[in-house]
Amino acid sequence: MITMWTDEKIHQFRKTLLNWYDQAGRKNLPWRQDQDPYHVWVSEIMLQQTQVNTVIPYYQRFMTLFPTVEALASAPEEQLLKAWEGLGYYSRVRNMQKAAQQLVTDGRVEWPQTMKELEKLKGIGPYTAAAIASIAFLEPVAAIDGNAFRVLARLFKIDADIRLPRTRQLFFEVGNQLIDPKRPGDFNQAIMDLGSSYMTAKNYDSEHSPVKAFNAAYQDGTEDFYPVKSKARPARLIHYFAVRITSPSGYLFEKRPKQGLLANFWTMPLYALTEFTEDPEADWQLAEMVTATEKRLKMDYGIQTTLKPLSEKAITHVYSHQKWQVIVLTGTLDTEVDVKRGQWQTLSEIAKKPQPKVQEKIWQHLRAHK
DNA sequence: GAATCGTGGTA
DNA sequence: TTACCAAGATT
């Protein structure tokens, strides 16, 4: 059960928080130079599950390449993915383009100005809708992100599991009672700045926090209990072969399917070992697996060649829900051949394609074992 | 509600 | 090395 503060205490909190924000807030961030909804939107999408320092150069480049909603709406997908390359969660930028196309009607951009309406746009959920509505349109709605979960959980000693979707509503209601109706955008951003400075997840410094007097968990020394968050499931281990084939025409490269992990990104052919063995956790023989891969390469691409492991040592690459162990196999063709799938590409052609981080690791691995 | 979807930083 | 965290949304 949460004990809500008195009106007097709420007013004191707003004043304390916003005074601190005016004095110490990160006003120099590139997306905080104005309240243009497009700027707020792009920054909020980029900042999802991504740290501020990572986002800054991406944001600046993106605004140069796609300065307006119209530019975003009409951009070629490959150019968008290239601009997002390395940021991760690539459906974010695909969804953003769909939303941009929703926004452009009869050649003009019409922005919905409420959280409720903003949530109807692709890729804009409750957090991002509240952030845009409060910052760009001054609607008093709480933007509940990881920072707000953590800050509010400590201020009010809320012990609901923040990993559970149903918990969001509780925090949203608490936030909506606290938010300053005159400066809703600044209030939300102040909570986030607080959550990324004095009230971080680890190594927090509640002692020097401007709102320590309001922090119930700090006041009774229980702050490392908050927020309550259940454990995530461990990532599943998957073994892969990455196949580097060269010919006089270049490297064999392939565009991934338009749905799922790394959709529409380009990689060398990848085979999960589950293609060749029932139990890839068991003690498999590398030579047998390589022979099986040669057969599949002929079936899938029409390529006949001998493959050799570049190294016994695998590349490790971790996603949120999968852990890849990738062994690189190499093969060479001396003559030009047509392929049933994929494309032959030169290095300069490849450089223009959006490639995932794991492909970059494969390139590095190849250079290291040359 | 549980799974999916990336990458970089840090203890 | 492992585990967790970082301005979440979609299916």
Side-chain angles (χ1 to χ4, degrees), chain A residues 25-26 29-32 39-59 81 84-96 98-99 118-132 134-135 142-151 161-168 171-172 175 185 187-197 199-204 224 227 229-238 256-265 267 316-325 354-361:
Chain A
R26 296 174 293 181
L29 295 172
W31 47 87
R32 283 188 181 173
H39 297 165
V40 177
W41 177 36
V42 172
S43 68
E44 292 300 342
I45 298 293
M46 285 189 172
L47 286 161
Q48 289 172 6
Q49 304 293 287
T50 311
Q51 295 189 11
V52 167
N53 285 337
T54 304
V55 166
I56 290 171
Y58 280 91
Y59 176 84
L81 293 181
W84 211 267
E85 181 185 75
L87 258 190
Y89 287 147
Y90 299 105
S91 65
R92 287 185 290 179
V93 69
R94 251 189 297 271
N95 287 336
M96 206 163 51
K98 286 177 195 155
L118 286 161
E119 275 195 76
K120 294 178 182 171
L121 294 169
K122 202 73 177 161
I124 298 188
Y127 163 73
T128 306
I132 298 172
S134 64
I135 297 170
I144 306 301
D145 70 331
N147 290 302
F149 272 122
R150 185 171 55 256
V151 169
D161 183 355
I162 65 170
R163 192 179 292 281
L164 298 176
R166 64 170 176 270
T167 302
R168 169 176 296 278
F171 281 76
F172 184 57
F187 183 94
N188 279 330
Q189 294 181 92
I191 292 285
M192 293 189 250
D193 281 11
L194 195 58
S196 57
S197 56
M199 297 184 70
T200 48
K202 299 173 184 175
N203 300 326
Y204 43 81
D224 53 346
K229 190 175 185 182
S230 55
K231 284 188 187 302
R233 261 192 47 180
R236 180 168 89 254
L237 179 63
I238 307 180
R256 290 176 61 84
K258 60 180 183 295
Q259 298 246 330
L261 186 65
L262 306 174
N264 287 348
F265 273 56
T267 66
T316 299
H317 190 73
V318 179
Y319 298 101
S320 308
H321 58 303
Q322 294 179 11
K323 179 175 179 175
W324 288 16
Q325 295 274 3
Q355 297 171 59
K357 192 55 60 177
V358 67
Q359 179 59 53
E360 178 54 33
K361 288 186 182 177

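Only heavy atoms go into these numbers, but all of them, side chains included; no hydrogens, no water, no symmetry mates. Chain naming here is simple, since letters A, B, ... match the order of the sequence lines and numbering starts at 1 in each.
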Engineer: Using whole Å, what does the distance between atom C1' of nucleotide C:dA6 and atom OH of A:Y59 come to?
Structural biologist: 19 Å

Engineer: Within the modelled atom types, does a donor on one side and an acceptor on the other bring the side chain of A:T50 and the base of B:dG8 under 3.5 Å apart?
Structural biologist: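 Looking at the base of B:dG8, it does not pair with any donor or acceptor on the side chain of A:T50 (distance under 3.5 Å).
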
Engineer: Taking atom CG of A:L262 and atom OG of A:S91, what is their separation to the nearest 0.5 Å?
Structural biologist: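 The CG atom of A:L262 sits 11.0 Å away from the OG atom of A:S91.
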
Engineer: C:dC4, B:dG6, C:dT11: which one has an atom nearest the side-chain heavy atoms of A:K122?
Structural biologist: C:dT11

Engineer: Is any side-chain N of the basic residue among A:R168 and A:D145 closer than 4.0 Å to the acidic one's carboxylate O?
Structural biologist: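 No.
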
Engineer: Which part of the nucleic acid, if any, lies within contact of A:R26, taking any heavy atom under 4.0 Å across all strands shown: a base, the sugar-phosphate backbone alone, or nothing?
Structural biologist: base

Engineer: Distance between the P atoms of B:dC5 and C:dA7, in whole angstroms?
Structural biologist: 23 Å

Engineer: Start with the C-alpha gap between A:R26 and A:S197, add the side-chain angles, then the distance that decides, and say whether side chain to side chain donor-acceptor pair (under 3.5 Å) holds.
Structural biologist: CA-CA 11 Å; A:R26 296 174 293 181; A:S197 56; over 6 Å; no

Engineer: So if I take every side-chain heavy atom of A:Y89 and compare against B:dG6, B:dT7, B:dT4, which nucleotide ends up nearest?
Structural biologist: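 Among B:dG6, B:dT7, B:dT4, the one nearest the side chain of A:Y89 is B:dG6.
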
Engineer: In this structure, how many angstroms lie between the C1' atom of C:dC5 and the CD1 atom of A:I162, rounded?
Structural biologist: 11 Å

Engineer: Between A:N95 (CG) and C:dG8 (P), how many Å, whole number?
Structural biologist: 16 Å

Engineer: Give one of base, sugar-phosphate or nothing for A:L262, where a contact means two heavy atoms less than 4.0 Å apart.
Structural biologist: sugar-phosphate

Engineer: For A:G195, answer base if it contacts any base atom (sugar-phosphate contacts may also be present), sugar-phosphate if it contacts only those atoms, and nothing otherwise; contact means non-hydrogen atoms under 4.0 Å.
Structural biologist: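 Answer is nothing: A:G195 stays at 4.0 Å or more from every strand.
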
Engineer: Out of B:dG6, C:dA7, C:dT10, which nucleotide sits closest to the side chain of A:S196?
Structural biologist: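 Nucleotide nearest to A:S196's side chain: C:dA7.
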
Engineer: Within the pair A:K323 and C:dT2, is there a side-chain N or O less than 4.0 Å away from OP1 or OP2?
Structural biologist: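 So the side-chain polar atoms of A:K323 do come within 4.0 Å of the phosphate oxygens OP1 or OP2 of C:dT2, strictly under.
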
Engineer: Measure from CG on A:N53 to C1' on C:dC5 and round the result to the nearest Å.
Structural biologist: 15 Å

Engineer: Taking the nucleotide of DNA chain C with the nearest heavy atom to each, does A:E119 or A:Q51 sit closer to the 5' end?
Structural biologist: A:Q51

Engineer: Taking atom types as they are modelled, is there a donor-acceptor pair under 3.5 Å from the base of C:dG8 to the side chain of A:T128?
Structural biologist: no

Engineer: Please tell me which of the listed nucleotides, C:dT2, B:dG1, C:dA7, lies nearest to the side chain of A:V52?
Structural biologist: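 Output: C:dA7.
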
Engineer: For the pair made of CD in A:E85 and C1' in B:dC5, what is the distance, rounded to whole Å?
Structural biologist: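 The distance from CD of A:E85 to C1' of B:dC5 comes to 17 Å, rounded to the nearest Å.
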
Engineer: Using atom C1' in both nucleotides, what's the gap between B:dG6 and C:dC4 to the nearest angstrom?
Structural biologist: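 Straight-line distance between the two C1' atoms is 15 Å.
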
Engineer: With a 4.0 Å cut-off on heavy atoms, is A:I191 in touch with a base, just the backbone sugar-phosphate, or nothing at all?
Structural biologist: nothing

Engineer: Expressed as a whole number of angstroms, how long is the span from A:K258:NZ to B:dT4:C1'?
Structural biologist: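 A:K258 atom NZ is separated from B:dT4 atom C1' by 18 Å.
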
Engineer: Give a yes or no on whether the backbone of A:L261 and the side-chain of A:R256 come within a donor-acceptor separation of less than 3.5 Å.
Structural biologist: yes

Engineer: Select base, sugar-phosphate, or nothing to describe what A:W324 touches, counting heavy atoms under 4.0 Å on all strands.
Structural biologist: nothing

Engineer: Taking the minimum atom-to-atom distance to the side chain of A:N203, which one of B:dA11, B:dG9, B:dG6 wins?
Structural biologist: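 In terms of side-chain proximity for A:N203, the closest of B:dA11, B:dG9, B:dG6 is B:dA11.
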
Engineer: Taking all heavy atoms of A:Q325 and all of A:T316, pick out the closest pair and write down the distance.
Structural biologist: OE1-OG1, 3.2 Å

Engineer: Of all the choices, B:dG1, C:dT2, C:dA7, which nucleotide is nearest to the side chain of A:N147 once you look at every atom?
Structural biologist: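 Nearest listed nucleotide: C:dA7.
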
Engineer: Which residue lies toward the 5' end of DNA chain B, A:L164 or A:R92, if each is placed at its nearest nucleotide?
Structural biologist: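 Mapping each residue to its closest nucleotide by heavy atoms, the 5'-most match is A:L164.
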
Engineer: Classify A:P234 by what it touches in the nucleic acid, base, sugar-phosphate, or nothing, heavy-atom distance under 4.0 Å.
Structural biologist: nothing

Engineer: Is it the case that the side chain of A:N95 and the backbone of A:K122 share a donor-acceptor pair, with hydrogens and angles ignored and the cut-off at 3.5 Å?
Structural biologist: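 The answer is no, because no donor-acceptor pair under 3.5 Å joins these two groups.
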
Engineer: For A:R236 and B:dT4, give me the distance from atom CZ to atom C1', rounded to whole Å.
Structural biologist: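 Whole-Å distance recorded here is 10 Å.
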
Engineer: Specify the separation, in whole Å, of atom OH of A:Y204 and atom C1' of C:dC4.
Structural biologist: 15 Å

Engineer: Given A:M199, which partner from the list A:N147, A:V151, A:D193 fulfils the side chain to side chain contact (heavy atoms under 4.5 Å, CB included) test?
Structural biologist: A:V151

Engineer: Can you figure out which of C:dG8, B:dT4, B:dT7 approaches the side chain of A:D145 most closely?
Structural biologist: C:dG8

Engineer: Please classify the nucleic acid contact of A:A201 as base, sugar-phosphate, or nothing, using heavy-atom distances under 4.0 Å.
Structural biologist: sugar-phosphate

Engineer: So, is A:H321 close to the B:dA3 phosphate, meaning a side-chain N or O under 4.0 Å from OP1 or OP2?
Structural biologist: no

Engineer: Once you measure the plane-to-plane angle for A:Y319 and A:H317, does it fall in the parallel (<30°), tilted (30-60°) or perpendicular (>60°) bin?
Structural biologist: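 A:Y319 vs A:H317 ring planes: perpendicular.
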
Engineer: Counting only side-chain heavy atoms from C-beta out, which of B:dT7, C:dA7, C:dG8 sits nearest to A:Q49?
Structural biologist: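 Of the candidates, C:dG8 comes closest.
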
Engineer: Report the residue (A:R233 or A:Q48) whose heavy-atom-nearest nucleotide on DNA chain B is the more 5′ of the two.
Structural biologist: A:R233

Engineer: Hey, is the side chain of A:K231 poking within less than 4.0 Å of OP1 or OP2 on C:dC4, counting only N and O atoms?
Structural biologist: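 Yes, such a contact exists.
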
Engineer: Look at the side-chain N and O atoms of A:R163 and state whether any lies under 4.0 Å from the OP1 or OP2 oxygen of B:dA2.
Structural biologist: no

Engineer: Starting the side chain at C-beta, find the nucleotide from C:dC5, C:dA7, B:dG6 nearest to A:Y127.
Structural biologist: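 It is C:dA7.
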
Engineer: Measuring from the side chain of A:L261 (C-beta onward, heavy atoms only), which nucleotide among B:dT7, B:dC5, C:dT10 has the closest atom?
Structural biologist: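 The answer is B:dC5.
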
